Participant: 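Quick one: the structure is below, and I'll ask about it shortly.
So that the names make sense, note that chain A is the first sequence line, chain B the second, and so on, each numbered from 1. Small disclaimer: the values here were computed from a predicted structure and weren't measured.
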Number of protein chains: 2
Amino acid sequence: MTSDTPEGSSPGFRPLYRQVKQILVNRLRDGTWRPGVLIPSEVQIAADLGVSQGTVRKALDEMRGENLLISQQGRGTFVARHDEARILFQFFKIIPKIGPPVFPESELRGVSTGTANAQEQRALRLKAGDPVIRIARLRSLAGRLTISEYLSVPAGIFPGLGADIRVENNLYDLYASRYGITVSRSEERITAVGLPSEDATLLGLATGTPVLAIDRIAIALDGQPVEWRRSLCSTADCAYVSELR
Amino acid sequence: MTSDTPEGSSPGFRPLYRQVKQILVNRLRDGTWRPGVLIPSEVQIAADLGVSQGTVRKALDEMRGENLLISQQGRGTFVARHDEARILFQFFKIIPKIGPPVFPESELRGVSTGTANAQEQRALRLKAGDPVIRIARLRSLAGRLTISEYLSVPAGIFPGLGADIRVENNLYDLYASRYGITVSRSEERITAVGLPSEDATLLGLATGTPVLAIDRIAIALDGQPVEWRRSLCSTADCAYVSELR
DNA sequence: CAGTGGTCTAGACCACGTC
DNA sequence: ACGTGGTCTAGACCACTGT
């Protein structure tokens with residue numbers, strides 16, 4: 001490993017452990033290490049890259065902090081999966097007002113294709129005319145219809161998604177396992193709106209009922225937005241939780 | 001004496017750096033190190049406690065991650081203040097739909113005292129009859145009335161708060177500087193409701209307008225809830241942002 | 001038992017801010 | 001020049017999981 005980086009002049013200092021981290025993240029991006037697999041031990045990686053174990057450890061520490069890896073003392077380090085219980089609620093912050101958190105069931109309403117509208121162009125960094133796949137579905141919490149959801153993804157990076165989606169519930173697990181796209185973080189903007197009549201009919205609620213409008217942009221490992229979704233969520237029996245620290 | 005570590009279970013093994021961290025956190029709790037001051041250098045702390053610099057570093061790393069400390073290369077490590085720009089938005093997640101984030105102005109409506117109702121007893125872990133201080137205020141974002149806010153604190157830990165509050169805007173800074181209470185994290189539950197007529201009048205909006213109801217419990221360094229607040233927030237010009245990672 | 005991650009140490013050098 | 005935090009190394013031992 002070359003420790004001198006002829007990058008720039010003034011800001012061109014990159015710690016070795018960040019270079020190591022970038023190498024390891026790339027192994028996740030390009031599918032060398034797929035979700036769930038056991039990666040080499042710290043000493044092994046250190047030897048391969050010609051750095052000390054402590055440097056590898058610091059890179060792994062950051063990746064654990066970003067929920068990309070999971071380590072277990074005595075066993076090894078594994079690539080995080082999006083279908084594990086502890087990961088499920090990383091991106092699903094809606095919990096019942098009474099009782100424990102539950103993961104929602106999904107009912108697919110429709111899949112269509114089209115070209116990116118203004119909103120999709122902005123959220124997904126697409127150009128006019130770029131193809132998108134749109135999905136509409138309803139989600140239930142503990143058996144009660146609660147969420148009407150609309151989402152759009154670039155057709156370019158999810159070829160043939162429509163066919164796969166029929167029985168899927170956890171989309172991010174599908175993105176990772178079938179398309180090699182790992183959603184690493186997302187940003188949500190929440191407003192309060194009156195429920196449109198169309199969604200009111202679907203959810204069995206009165207038109208104009210105050211609901212949460214949750215607009216999410218999901219970001220992949222490489223920083224590219226890969227999904228835009230808008231969820232209209234009734235908060236009669238549940239609430240959106242946010243921990244600030 | 002292990003008092004309030006949420007992880008201490010069967011093995012009774014506590015890493016040295018966590019013990020060091022606990023010692024340092026206690027210096028924040030008891031006011032030995034007050035907000036804004038420069039704390040001793042890593043080597044100094046290590047020598048004082050009889051551990052290596054690396055162990056102190058790991059304790060400081062966690063505290064930096066919890067926004068309790070701020071380090072600057074070449075200068076030293078400082079106790080975080082709640083009035084710094086980068087901290088302000090740690091607990092204020094409402095930003096304008098267009099334009100950069102701005103911190104809101106506050107207009108005090110009233111301060112009163114009473115005994116904890118059922119909701120306050122649950123949120124603040126109080127008993128029936130425990131005294132509380134209640135504050136009502138309006139908040140504006142970029143000059144536009146946006147939020148009607150109600151908050152309650154235990155009178156026991158904030159004696160005489162009512163007198164101080166007149167011109168305060170950033171309450172958490174006041175809690176820290178005047179009462180030695182550092183809010184380290186908080187939990188918010190968000191629902192959508194129709195704006196009550198009273199608040200509608202105050203905000204100059206129509207009764208029943210869909211708004212966000214943001215219920216927050218603020219937690220101090222020792223894990224005790226120290227404030228409960230409910231904010232009714234119009235999202236005509238702004239949105240609640242939440243980053244999931 | 002061997003192998004893994006987790007902790008702890010001691011010392012070296014680097015980048016930065018201050019004197 | 002000096003002291004600070006930041007990085008990197010090498011080696012030791014501890015705690016845990018498998019065989």
Participant: Within less than 4.0 Å of OP1 or OP2 of D/dT4, is there a side-chain N or O belonging to B/Ser41?
Facilitator: yes
Participant: Once you measure the plane-to-plane angle for B/Tyr175 and B/Phe158, does it fall in the parallel (<30°), tilted (30-60°) or perpendicular (>60°) bin?
Facilitator: tilted
Participant: Can you find a heavy atom in the side chain of A/Asp237 that is under 4.5 Å from one in the side chain of A/Thr146?
Facilitator: no
Participant: Would you call A/Lys58 and A/Asp61 a salt bridge, taking side-chain N to carboxylate O under 4.0 Å as the test?
Facilitator: no
Participant: Any side-chain N or O of A/Arg75 less than 4.0 Å from the OP1 or OP2 oxygen of D/dC16?
Facilitator: no
Participant: If every non-hydrogen atom of A/Gly223 is compared with every non-hydrogen atom of A/Arg125, which pair is closest and at what distance?
Facilitator: O-NH2, 3.8 Å
Participant: Can you check whether B/Glu84 reaches B/Phe78 side chain to side chain, under 4.5 Å on heavy atoms?
Facilitator: no
Participant: Rounded to whole Å, please give me the gap between CD1 in A/Ile45 and C1' in C/dT4.
Facilitator: 12 Å
Participant: Picking from A/Glu188, A/Glu149, A/Arg216, what satisfies side-chain hydrogen bond (donor to acceptor under 3.5 Å, both in side chains) with A/Ser231?
Facilitator: A/Glu149
Participant: Find out whether A/Ile39 and A/Ile45 are in side-chain contact, i.e. whether some heavy atom of one side chain is under 4.5 Å from a heavy atom of the other.
Facilitator: yes
Participant: Tell me: CZ of A/Phe13 to C1' of C/dC16, nearest whole Å?
Facilitator: 11 Å
Participant: Let me know the distance between NZ of B/Lys21 and C1' of C/dC8, rounded to the nearest Å.
Facilitator: 18 Å
Participant: Paired stems touching DNA chain D, three or more consecutive Watson-Crick or G-U pairs with both distances under 3.5 Å?
Facilitator: C:2-18 with D:1-17
Participant: Provide, to the nearest angstrom, the distance between the CD atom belonging to B/Glu42 and the C1' atom belonging to C/dT9.
Facilitator: 15 Å
Participant: Tell me: CG of A/Leu69 to C1' of C/dG6, nearest whole Å?
Facilitator: 16 Å
Participant: Please determine whether the number of non-hydrogen atoms from other residues, nucleotides or ligands lying under 6.0 Å from atom CZ of A/Arg27 exceeds 12.
Facilitator: yes
Participant: Hey, can you pull the residues of residues 46-64 of chain B with a non-hydrogen atom under 4.0 angstrom from DNA chain C?
Facilitator: B/Val51, B/Ser52, B/Thr55, B/Lys58
